[in-house]
Amino acid sequence: MRKPLLGLVVFSFLLTGTPSARAEQQIVLKFSHVTTADTPKGRAAEFFKMRAEGLTKGRVKVEVYPNSQLFKDAEEFDALAKGQVQMLAPTLGKVSSLGFREFEIFDIPYLFPTKASLQRVQDGPIGKGLLKRLESKGFLGIAYWDNGFKIMSANRPLLAPADMRGLKVRIQNSKMVDMQMRALGAVPQVLALNEAFQALQSGILDGTENPPSNMYTQKMYEVQKYAVDTNHGYLGYAVVTNKKFWDELPADVRTLLEQALRDATRYANAISQQDNDDALAVIERSGKTRVAHLSDTQRKAWRQALAPVQKEAEARVGTDLIKAINKEVAILGGG
Ligand code: LMR
């Protein structure tokens, strides 16, 4: 045991002039998430690592743990609270399940017609106010990262909303997505992302929803015969850290990490659409999942079928909030 330790001290001395000075200074930031490294979130996390380590010249070491390697989605917030990880990027729906109902707005079907309208709401007072609310739980919401609009999939053709009736579907932990599936006559079941493939493969569940990037990287397309580009709901992330950890960082390091995060956010939001377009194209080319593309009239039928969910949502998140969002959306012309 002794030799390697001594070796480390000598090596450290050679590098820094003072034994272990470097080792003492290095701050380790563990970033845990549930998608694979080649998703928009996974790539943005790696980008953040590269920028953070570069800008701080190695004073910060970012360890990224993708694909639920470290924690599954139901365990992530607890791990963050306990300091077992320092950064997460859960879906906005999963944030709402912490008790912040207003985050459910992002899961309301067809509320946001375009990415531009989402970005407007996230960058404005509504989005900033939502992130602020996380402080009451000891967390700090520091950015929104984009993924994309969701497609539906199943082992039978899906074209009209009625095709969802009776299907057992995997959903992420989100009350609003649960309500959406029930409105379609489907039977939702909450499962961690890393359990979805097996549930679909074994036939325990019939269908699911996600943006193409997740459908592809979690290999769900291999065990789903049909999909449809409903684009019925949005999937994005809140980048969250532990407030105490963040506040206790040396001020200069914190400033550099904020810069790294701003850069990673710009990157995440720039790559997400192309990543999802590419994933959908690969899924289609694979021939494993047949992807239906809705006409305007067909999409209207999905909108109508899901309109009652918007009404129900008002009761949960407040009519004023929905009105304020509709106002923001209308400024951009409603898509
Ligand atoms: C899920 O379905 O659980 C995902 O959308 C998770 C994620 O982080 O993208």
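Just so you know, ligand 1 is whichever comes first in the structure, and atom 1 is the first atom listed for that ligand. In this chain, numbering begins with 1 at the start of the sequence shown.
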Start with the C-alpha distance between Thr35 and Thr217, add both sets of side-chain angles, then the distance that settles side chain to side chain contact (heavy atoms under 4.5 Å, CB included), and finish with yes or no.
CA-CA 8 Å; Thr35 64; Thr217 53; 5.5 Å; no
Using side chain to side chain contact (heavy atoms under 4.5 Å, CB included), reason through Asn67 and Gln218 one step at a time and then give a plain yes or no.
CA-CA 9 Å; Asn67 213 17; Gln218 293 293 324; 3.2 Å; yes
Test salt bridge (Lys or Arg N to Asp or Glu O under 4.0 Å) applied to Lys311 and Glu314, step by step:
CA-CA 5 Å; Lys311 275 277 149 230; Glu314 280 185 22; 3.5 Å; yes
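Between Asp178 and Arg182 there is a salt bridge, with a side-chain nitrogen of the basic residue lying less than 4.0 Å from a carboxylate oxygen of the acidic one. Salt bridge absent: Glu76 and Lys94 never bring a charged side-chain N and a carboxylate O closer than 4.0 Å. The residues Glu248 and Lys244 are annotated as salt-bridged, a charged nitrogen and a carboxylate oxygen being separated by less than 4.0 angstrom. Salt bridge present: Glu53 and Lys49 bring a charged side-chain N and a carboxylate O closer than 4.0 Å.
Inclusion of Lys41 in the set of residues having an N or O under 3.5 Å from an N or O of ligand 1 is warranted. The distance criterion of under 3.5 Å between nitrogen or oxygen atoms is met by Tyr237 with respect to ligand 1. Looking at ligand 1, you'll find an N or O of Asn210 within less than 3.5 Å of one of its N or O atoms. Note: no N/O pair closer than 3.5 Å links Asn147 and ligand 1 by distance alone.
Listed by number with element, the atoms of ligand 1 under 4.0 Å from a non-hydrogen atom of Gln172 are 1 (C), 2 (O), 3 (O). Residue-ligand proximity, Thr35 to ligand 1, at heavy-atom distances under 4.0 Å covers atoms 7 (C), 8 (O), 9 (O). The distance from ligand 1 to the heavy atoms of Leu193 drops below 4.0 Å at these ligand atoms: 1 (C), 2 (O), 3 (O), 6 (C). Close approach of ligand 1 to Lys94 (heavy-atom distance below 4.0 Å) involves ligand atoms 1 (C), 3 (O), 6 (C).
When hydrogens are left out, the protein atom nearest atom 4 (C) of ligand 1 is Asn214 ND2, 3.6 Å; that is the closest non-hydrogen contact. Scanning the protein for heavy atoms near atom 2 (O) of ligand 1, the closest one is Arg170 NH1, 2.6 Å.
Heavy atoms of Leu235 found under 4.0 angstrom from ligand 1 belong exclusively to the side chain.
Counting only non-hydrogen atoms, the option in Val190, Thr36, Thr91 that gets closest to atom 7 (C) of ligand 1 is Thr91.
Residues Tyr110 and Arg299 form a side-chain contact, since some pair of their non-hydrogen atoms from C-beta on lies under 4.5 Å apart.
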